[in-house]
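Everything below concerns the one structure shown next.
Both backbone and side-chain heavy atoms feed into the values below; hydrogens, waters and symmetry mates do not. For the single chain, residues carry numbers from 1 onward in sequence order. Counting starts at 1 for both ligands and their atoms, in listed order.
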Amino acid sequence: MAINLKGRSLDSLLNFSTDEVKYLIDLSIDLKKSKYQGLQTLNRPFIGKNIAIMFQKDSTRTRCAFEVAGADLGAGVTYIGPQGSNFGKKESIEDTAKVLGRFYDGIEFRGFAQKDIDALVKYSGVPVWNGLTDEEHPTQIIADFMTMKEQLGELKNKKVVFIGDIKNNMGHSILIGAAFMGMHVTLCGPKTYHKDIRKDVIKSCEVLFARNGGSLTLSDDKIKAAKDADVIYTDVWVSLGEPFDLFDTRIGELEQFQVDMKMINSAKENIVFLHCLPAFHDDHTEFSRDIASKFGSKYPIVKNGAMEVTDEVFQSKYNKAFDQAENRLHSIKAIMLSTIGY
Ligand code: CP
C-alpha cells in the first residue's frame with residue numbers, strides 16, 4: 001500500500017497507522033545508508049524551505065538531530081530556546097502558531113502540555129513534530145524501534161521491558177511503539193505506579209495488540225520481568241522539567257528498579273540495552289555528583305552517581321544507546337522528509 005504522509009503532523013504516534021509507523025522506521029534505515037554512502041550531499045530537497053525548532057526545555061539530541069537533518073536536506077533552521085521567545089508567556093500559542101506557519105514549512109516543539117502541540121497543529125497550518133511533551137516522545141520512538149530493528153531484525157513477538165518510572169512519557173511511548181510492532185512489552189516499576197499508566201493509552205494499544213500481535217504485562221519484579229527479554233530500556237527517574245526535590249522520593253521508590261548486571265543476566269543472551277539519554281550511570285556530571293553527595297548514604301545504590309542504570313551495564317557490550325542516539329538524526333530526517341514532502 002502506498003504511504004503518503006505529506007502535510008501530516010507527528011503530534012502523537014497514536015494518530016498514525018501501523019503501516020505508517022513501519023514506513024517511517026524503514027525510511028530512517030534507508031536514509032542512514034544513504035548518508036553513509038554520501039548520497040545526501042548530492043540531493044538537497046529542502047533548498048528554499050525553512051523549519052523552526054522550538055524548545056521550552058533544553059535538549060542535546062533532539063535539537064542537534066533537527067539541525068543536522070535540516071542542513072542535510074538543505075533547509076534553513078531557526079532554533080527558539082526556552083528563553084528565546086514570548087511563546088506561551090506574552091503571546092498565546094495560537095497567535096505564535098499563526099505567525100510561525102507563515103514563515104516556516106514545519107515546526108518542531110518540545111514542551112510540557114500535549115494541548116500546546118495540538119494548538120500548534122491546529123493554528124500553524126504546517127506539519128508540527130512533537131519533540132517531547134509530558135505525554136509522549138514520538139520522534140524518539142521511531143529512532144528506538146529503528147535501533148531495535150537494526151539489532152534484532154523482525155520485531156514481531158520480541159519482548160521489550162521498560163523499567164523505572166513507567167508512568168512517564170517514555171513508558172507510555174514504548175508501550176505505543178511495541179503495540180505497533182506486535183511486541184510483548186513489560187512495564188516494570190513499583191506497584192503503586194501501575195494504576196497511573198494512562199487507561200486511554202492502554203485501550204488504544206489493546207486495539208493495536210489485537211491487530212498486530214504482542215501484549216502488555218505489568219511487573220514489579222525486575223528479575224522476573226527480564227526473563228526472555230530481547231530489549232531492556234530505561235530512562236531517568238526524574239524527568240526533564242520536574243523539580244529536583246522529587247529525587248529523594250523517586251530514588252526511594254525506584255531503587256529496586258535499577259538496571260544492573262543481575263537483571264541483564266536474567267534476560268536473553270544477546271540482550272539489547274537502550275536508554276534515550278542523558279543517563280545517570282556514573283559521577284561524571286555535576287548533577288550526579290550532587291545526587292551522590294546528598295542521597296548516597298541514605299540510598300547506597302546512588303553513592304557512585306549511578307541511578308537508573310549501573311556503570312557496569314552502561315559500559316558493557318549490551319549498551320546500544322549511542323546507536324540509538326545517532327538514529328535520532330536519521331529518523332527525524334525521515335519524519336521531516338515524509339511530512340513536508342519533496
Ligand atoms: N533523548 C532526548 O530527547 O534527548 P535530548 O533531551 O538531549 O533531546
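Using a 4.0 Å cut-off to heavy atoms of Thr60, the atoms of ligand 1 that qualify are 5 (P), 7 (O), 8 (O). Close approach of ligand 1 to Leu277 is summarised as follows: ligand atoms under 4.0 Å from at least one heavy atom of the residue are 1 (N), 2 (C), 4 (O).
Of the candidates Ala279, Ala321, Ser59, the one placing a heavy atom closest to atom 8 (O) of ligand 1 is Ser59. Nearest-residue assignment for atom 4 (O) of ligand 1 (options His137, Lys57, Arg61; heavy-atom criterion): Arg61.
Here Lys167 pairs with Asp165 in a salt bridge; the nearest charged N to carboxylate O distance falls below 4.0 Å.
Nearest to atom 6 (O) of ligand 1 among the protein's heavy atoms is Arg110 NH1, 2.8 Å. Of all protein heavy atoms, the one lying nearest to atom 2 (C) of ligand 1 is Arg328 NH1, 3.4 Å.
More than 12 heavy atoms of other shown residues, nucleotides or ligands fall within 6.0 angstrom of atom NZ in Lys156.
For ligand 1, the polar-atom distance check against Pro278 finds no nitrogen or oxygen pair separated by under 3.5 Å. On a distance-only criterion, Arg63 and ligand 1 share no N/O pair closer than 3.5 Å.
Considering CG of Leu216 and CZ of Phe209, their distance stands at 5.5 Å, rounded to 0.5 Å.
Grouping Ile, Leu, Val, Met, Phe, Trp and Tyr by side-chain contacts under 4.5 Å, direct or through others, puts Val68 with Leu329. The hydrophobic cluster around Ile80 extends to Met54, Phe87, Ile93, Val99, Leu100, Phe103, Tyr104, Ile107, Phe109, Ile117, Leu120, Val121, Val126, Val128, counting ILVMFWY residues whose side-chain heavy atoms fall within less than 4.5 Å of a member.
Side-chain N or O atoms of Asn212 include one that pairs as donor or acceptor with a backbone N or O of Ala179 at under 3.5 Å.
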